[in-house]
Amino acid sequence: GPAEGLPVIHWTFDGVATNSGAGGARFDPVLSGRPAYAAGVLGQGLRLDGVADAASVRYQPYEQGTVALWWKPEAFYNFNTVIDNDVSPDCWEMWAYRDGRLRFRIAGGTGDVSCDLNALGGAGNWYHLAVVWDVVDAGEVRLYVNGVERSVAPAKRLGKVGGTVHL
């Protein structure tokens with residue numbers, strides 16, 4: 001597992017896509033499509049086109065963990081992918097619908113948490129997203145948006161999620 005208190009993956013996009021987390025260069029993101037560097041909340045981020053652009057890494061998520069990121073949707077459209085994996089389309093993924101609902105789920109639809117981003121300002125705004133899962137001890141997933149817990153749901157064990165995680 002990851003070193004206590006240190007993120008394994010902590011991507012920065014300040015001119016070069018690198019991992020400054022405890023996992024080192026083996027977890028540098030691989031960029032596909034033609035993402036552009038753009039001003040982020042802290043430093044630079046990536047502007048992804050929602051079609052072919054992605055930042056990916058070969059990584060098998062643990063059964064306890066957290067993913068946190070800043071996200072600024074320019075518009076909402078159905079199945080606007082935020083996080084996905086390459087093995088199961090219904091396991092360990094985050095997306096937004098056209099109506100502004102952000103959702104995350106793991107393990108066959110369990111751990112299904114959501115938040116209405118339109119109620120928080122809608123498209124064109126920055127959101128700090130954090131999803132925390134513990135399917136071993138707590139058996140749940142928690143979704144935080146802008147530092148506030150928005151949703152909690154029971155969750156079952158992940159099983160094999162995927163060899164590549166995509167943002």
Side-chain angles (χ1 to χ4, degrees), residues 2 4-15 17-23 27 29 31 35-51 53-57 59 61-85 90-107 109-135 137-155 158 161 165-167:
E4 182 93 18
L6 297 174
V8 173
I9 300 173
H10 179 197
W11 286 345
T12 58
F13 300 104
D14 291 329
T18 59
N19 177 38
S20 60
F27 293 130
L31 303 182
Y37 290 97
V41 172
L42 301 170
Q44 285 186 262
L46 290 181
R47 174 164 292 166
L48 306 175
D49 69 3
V51 179
D53 294 350
S56 305
V57 65
Y59 185 75
Y62 293 93
E63 291 191 313
Q64 296 167 312
T66 302
V67 171
L69 63 130
W70 286 99
W71 186 56
K72 182 181 181 183
E74 292 181 359
F76 295 126
Y77 55 91
N78 272 345
F79 312 114
N80 185 347
T81 299
V82 180
I83 303 169
D84 208 350
N85 75 89
D90 296 326
C91 185
W92 205 81
E93 64 179 345
M94 181 184 283
W95 74 99
Y97 290 110
R98 173 172 283 130
D99 66 6
R101 270 181 306 137
L102 178 74
R103 285 186 61 196
F104 177 84
R105 67 180 169 194
I106 61 175
T110 69
D112 191 335
V113 290
S114 65
C115 179
D116 179 2
L117 296 181
N118 278 324
L120 301 178
N125 292 294
W126 281 104
Y127 297 97
H128 187 265
L129 310 177
V131 61
V132 179
W133 66 95
D134 176 352
V135 296
D137 297 326
E140 66 185 19
V141 171
R142 294 177 178 270
L143 174 65
Y144 297 84
V145 178
N146 297 339
V148 176
E149 183 179 275
R150 306 293 177 165
S151 185
V152 179
L158 292 167
V161 173
V165 172
H166 310 281
L167 297 178

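The analysis underlying the following values was restricted to heavy atoms, covering all of them including side chains, and did not include hydrogens, waters or symmetry mates. Note that the numbering runs from 1 along the sequence shown for the chain. Not measured: the values here are computed from a predicted model.
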All side-chain hydrogen bond (donor to acceptor under 3.5 Å, both in side chains) counterparts of Tyr77, not counting sequence neighbours: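 Testing Tyr77 for side-chain hydrogen bond (donor to acceptor under 3.5 Å, both in side chains), a comparison that skips the adjacent residues, returns Asn80.
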Mind running side-chain hydrogen bond (donor to acceptor under 3.5 Å, both in side chains) on Thr18 and Thr12 for me, showing each step along the way? CA-CA 6 Å; Thr18 59; Thr12 58; 3.0 Å; yes
Using the rule side chain to side chain contact (heavy atoms under 4.5 Å, CB included), only one of Asp84, Thr81, Val82 pairs with Glu93; which is it?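 Output: one option passes, namely Asp84.
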So, taking the atom named [atom1] in [X] and the one named [atom2] in [Y], what distance separates them when rounded to the nearest 0.5 Å?
{"X": "Trp95", "Y": "Asn78", "atom1": "CH2", "atom2": "CG", "result": "11.0 Å"}
{"X": "Arg101", "Y": "Cys115", "atom1": "CZ", "atom2": "SG", "result": "11.5 Å"}
{"X": "Ser151", "Y": "Tyr144", "atom1": "OG", "atom2": "OH", "result": "11.0 Å"}

Atom of [X], atom of [Y] and distance for their closest heavy-atom approach:
{"X": "Ala123", "Y": "Ala75", "answer": "CB-CA, 3.8 Å"}
{"X": "Ala155", "Y": "Val141", "answer": "CB-CG2, 3.7 Å"}
{"X": "Asn125", "Y": "Pro73", "answer": "O-CD, 3.6 Å"}
{"X": "Trp133", "Y": "Ile106", "answer": "CB-CD1, 4.3 Å"}
{"X": "Leu143", "Y": "Ser114", "answer": "CD2-C, 3.7 Å"}
{"X": "Val8", "Y": "Asn19", "answer": "O-ND2, 3.3 Å"}

Give me the ring orientation class for Phe104 and Trp92: parallel if the planes are under 30° apart, tilted from 30 to 60°, perpendicular past 60°.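 The arrangement is perpendicular - the two ring planes meet at more than 60°.
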Partner set under salt bridge (charged side-chain N to carboxylate O under 4.0 Å, His left out) for Arg150, not counting sequence neighbours: none
The criterion is salt bridge (charged side-chain N to carboxylate O under 4.0 Å, His left out); which residues satisfy it with Asp137, sequence neighbours excluded? none
Is any side-chain heavy atom of Leu69 closer than 4.5 Å to a side-chain heavy atom of Ile83?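 Yes, side chains in contact.
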Run Tyr127 and Leu102 through side chain to side chain contact (heavy atoms under 4.5 Å, CB included) and show every step you take. CA-CA 11 Å; Tyr127 297 97; Leu102 178 74; over 6 Å; no
Inter- and intrachain pairs under salt bridge (Lys or Arg N to Asp or Glu O under 4.0 Å), touching residues 109-124, at least two apart: Arg103-Asp112
Going by ring-ring contact (aromatic ring centres under 6.0 Å, His included), name the residues that satisfy it together with Trp70, two or more places apart in sequence or in a different chain.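 Only His128 meet the ring-ring contact (aromatic ring centres under 6.0 Å, His included) criterion with Trp70.
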For residues 38-48, which side-chain N or O atoms pair as donor and acceptor with protein atoms under 3.5 Å away, sequence neighbours left out?
| unit_1 | atom_1 | unit_2 | atom_2 | d |
| --- | --- | --- | --- | --- |
| Arg47 | NE | Glu74 | OE2 | 3.2 |

